[in-house]
Visitor: 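Quick one: structure below, then a few questions.
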2 protein chains.
Amino acid sequence: MAVANTAVKIPLEMPVVEKRVRNRAATEQAILDAAKRLLAEEGFQNFGINAVARGAGCDKQLIYRYYGGLNGLVEAIGTDLGSWVADRIPDDTGGMFLLTYGDLMERLSLLFLDALRADPLMRRIVAWEVSESSEQVRRLSEARSKALAGWIERMRGSLVPPKGVDAQAVNAMIFAAIQHIVLASAVSDQCAGLALKNNRDWEKAATALKRIVRGVYG
Amino acid sequence: MAVANTAVKIPLEMPVVEKRVRNRAATEQAILDAAKRLLAEEGFQNFGINAVARGAGCDKQLIYRYYGGLNGLVEAIGTDLGSWVADRIPDDTGGMFLLTYGDLMERLSLLFLDALRADPLMRRIVAWEVSESSEQVRRLSEARSKALAGWIERMRGSLVPPKGVDAQAVNAMIFAAIQHIVLASAVSDQCAGLALKNNRDWEKAATALKRIVRGVYG
DNA sequence: CTTGCTATTCACCGATCGGTGACAGATTGG
DNA sequence: CCAATCTGTCACCGATCGGTGAATAGCAAG
């Protein structure tokens with residue numbers, strides 16, 4: 001093909017364009033950060049290659065190069081999740097003496113409730129978990145539940161549940177309740193007729209939660 | 001524009017195409033059915049005009065004409081939801097005498113658990129509710145919670161919760177637990193470490209649920 | 001049969017999606 | 001200095017999305 005006009009465009013006024021430095025590590029981090037931010041703020045619905053690249057301010061090709069596509073990127077998010085949990089939920093008893101299993105579960109429940117309320121990324125992941133059954137989300141889900149189980153185990157210490165109670169099943173119910181109520185509140189400020197807007201509402205929820213725990217474990 | 005070649009294609013072998021009768025009412029119903037089927041089977045993720053039209057075997061234009069687009073269609077689904085609930089959850093006490101509020105809540109919890117487990121459409125809607133905050137899903141959500149509240153009210157009869165317990169908050173927790181555990185089981189056969197595959201597993205869940213209810217309401 | 005009316009289909013639009021191949025500029029090793 | 005390598009950009013692909021205007025096919029009354 002004949003070259004007709006190769007006139008180079010020379011901008012008369014040099015735009016002080018941010019000199020994008022060549023730095024793979026920084027770019028990888030920017031991509032990962034953008035992915036987490038996007039997922040936390042927009043949810044999994046419009047979470048895709050194009051959106052992440054846009055958010056990271058780089059070309060989507062780099063996501064393929066550095067993470068092997070969305071799958072790898074999601075996996076990287078999952079890897080982060082461990083420290084994420086450790087950073088956000090206290091690992092000690094807060095100076096309290098947890099004498100009984102009931103004490104423990106009450107504290108765990110309230111801590112988990114507050115932590116989930118404060119963590120949009122976690123919330124989006126939980127919502128994703130119950131909405132889709134792809135390999136991607138399965139990995140994320142595993143990472144999350146593993147981190148959570150580790151936290152619980154560390155907090156449990158040597159306390160054991162009372163005999164005659166299927167603690168695993170009961171606790172699953174309790175944690176399920178917390179997760180659902182927090183998810184519901186995040187999208188509609190209520191759950192099953194219970195308002196969940198101000199702190200007053202959440203006090204009521206926390207009290208109900210305590211009552212349930214104490215009703216089972218004493 | 002000059003007509004160059006208007007040769008009409010005449011298929012040599014007449015395909016025995018299903019003679020599509022002209023019947024607006026039937027088409028509307030087919031569209032609504034396809035929408036419910038699609039939502040129940042595929043979830044809200046790929047729920048759109050094109051998919052519904054494909055599922056109903058008609059052109060998407062008809063969805064705009066008859067329902068005014070996806071919004072109207074979703075609203076129609078919501079309208080159906082009332083009878084949907086009434087059809088699937090028993091409205092009487094099943095021959096049992098519910099003497100106490102605890103009896104009532106235990107029965108309601110187990111009925112709701114089974115009903116939700118057996119109803120994929122409801123499950124998808126609940127998952128949708130906690131994943132998105134659009135106007136569409138808000139309408140659906142309202143219809144669902146209204147139907148549910150009505151059912152509970154009918155079942156409640158004259159029973160009143162014990163004094164000293166915030167029944168609204170506690171019940172919200174209980175229903176939240178049921179919803180989340182059923183949603184989780186539908187996508188991953190487990191919830192918070194508790195397996196939820198066979199009937200044995202569900203027995204454990206039901207027992208835990210009863211224990212929680214009895215722990216609060218006696 | 002002709003003339004409407006209505007149900008239904010068809011063709012096309014612009015936007016966005018995930019994905020890929022080719023290229024440009026900076027860096028580095030010989 | 002040149003050549004290879006690495007980082008980053010760009011243009012393009014086919015598919016699908018929601019949405020719309022126009023044409024077509026069947027029915028009913030005149």
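Keep in mind it's a predicted model, so treat the numbers as computed, not measured. All chains are named by letter (A, B, ...) in the order of the sequence lines, taking the proteins before the strands, and each is independently numbered beginning at 1.
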Visitor: Can you tell which of dT7(D), dT9(C), dG18(D) lies closest to the side chain of C58(B)?
Guide: dT9(C)
Visitor: Is it true that K146(B) and E142(B) have a side-chain N and a carboxylate O under 4.0 angstrom from each other?
Guide: no
Visitor: Could you tell me the separation between the CG atom of D59(A) and the C1' atom of dC23(C), rounded to a whole number of Å?
Guide: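 About 12 Å, once rounded to whole Å.
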Visitor: What's the CG-C1' distance between N71(B) and dG18(D), to the nearest Å?
Guide: 12 Å
Visitor: Compare every heavy atom of E132(B) with every heavy atom of V137(B), then report the nearest pair and how far apart it is.
Guide: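 Minimum heavy-atom separation between V137(B) and E132(B): CG1-O, 3.4 Å.
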Visitor: How long is the line joining CD of E42(A) and P of dT16(C), in whole Å?
Guide: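 Nearest whole value for this atom pair: 15 Å.
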Visitor: Counting just side-chain N and O atoms, does R24(A) come under 4.0 Å of either OP1 or OP2 of dT27(C)?
Guide: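 No, no such contact exists.
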Visitor: Among dG25(C), dG18(D), dG21(C), which nucleotide sits nearest the side chain of Q61(A)?
Guide: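 Between dG25(C), dG18(D), dG21(C), the one nearest the side chain of Q61(A) would be dG21(C).
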Visitor: How many whole angstroms separate atom CG of N23(B) from atom P of dT9(C)?
Guide: 13 Å
Visitor: Does a salt bridge link E203(B) with R200(B), judged by any charged N lying under 4.0 Å from a carboxylate O?
Guide: no
Visitor: Under 3.5 Å, side chain of W151(B) to main-chain N/O of P90(B), donor-acceptor pair present?
Guide: yes
Visitor: Given atom CD of Q45(B) and atom C1' of dT16(D), what is their separation to the nearest angstrom?
Guide: 16 Å
Visitor: Within the structure, does a side-chain N or O atom of T27(A) lie under 4.0 Å from either OP1 or OP2 of dT7(D)?
Guide: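 For dT7(D), OP1/OP2 do not have a side-chain N/O of T27(A) under 4.0 Å.
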Visitor: Using a 4.5 Å cut-off on heavy atoms from C-beta on, say whether the side chain of L81(A) contacts that of I125(A).
Guide: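 Yes, their side chains come closer than 4.5 Å.
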Visitor: Over how many whole Å does the gap from Y64(B) atom OH to dT9(C) atom P extend?
Guide: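 After rounding, the gap between these two atoms is 16 Å.
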Visitor: For the pair made of CZ in F47(B) and P in dC17(D), what is the distance, rounded to whole Å?
Guide: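 Going from CZ in F47(B) over to P in dC17(D) covers 13 Å.
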Visitor: Taking donor-acceptor contacts at under 3.5 Å, does the side chain of R22(A) reach the base of dC6(D)?
Guide: yes
Visitor: From the set dG19(D), dT20(C), dG8(D), return the single nucleotide nearest to any side-chain atom of I49(B).
Guide: dG19(D)
Visitor: With a 4.0 Å cut-off on heavy atoms, is L62(A) in touch with a base, just the backbone sugar-phosphate, or nothing at all?
Guide: base
Visitor: Picking from dC10(C), dG8(D), dG18(C), which would you name as closest to the side chain of N50(A)?
Guide: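 Selected nucleotide (nearest to the side chain): dG18(C).
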Visitor: Is there a donor and acceptor pair, one atom on the side chain of R65(B) and one on the base of dT8(C), closer than 3.5 Å?
Guide: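 Between dT8(C) and R65(B), which were checked side chain against base, a qualifying N/O pair under 3.5 Å is present.
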Visitor: Expressed as a whole number of angstroms, how long is the span from K60(A):NZ to dC17(C):C1'?
Guide: 7 Å
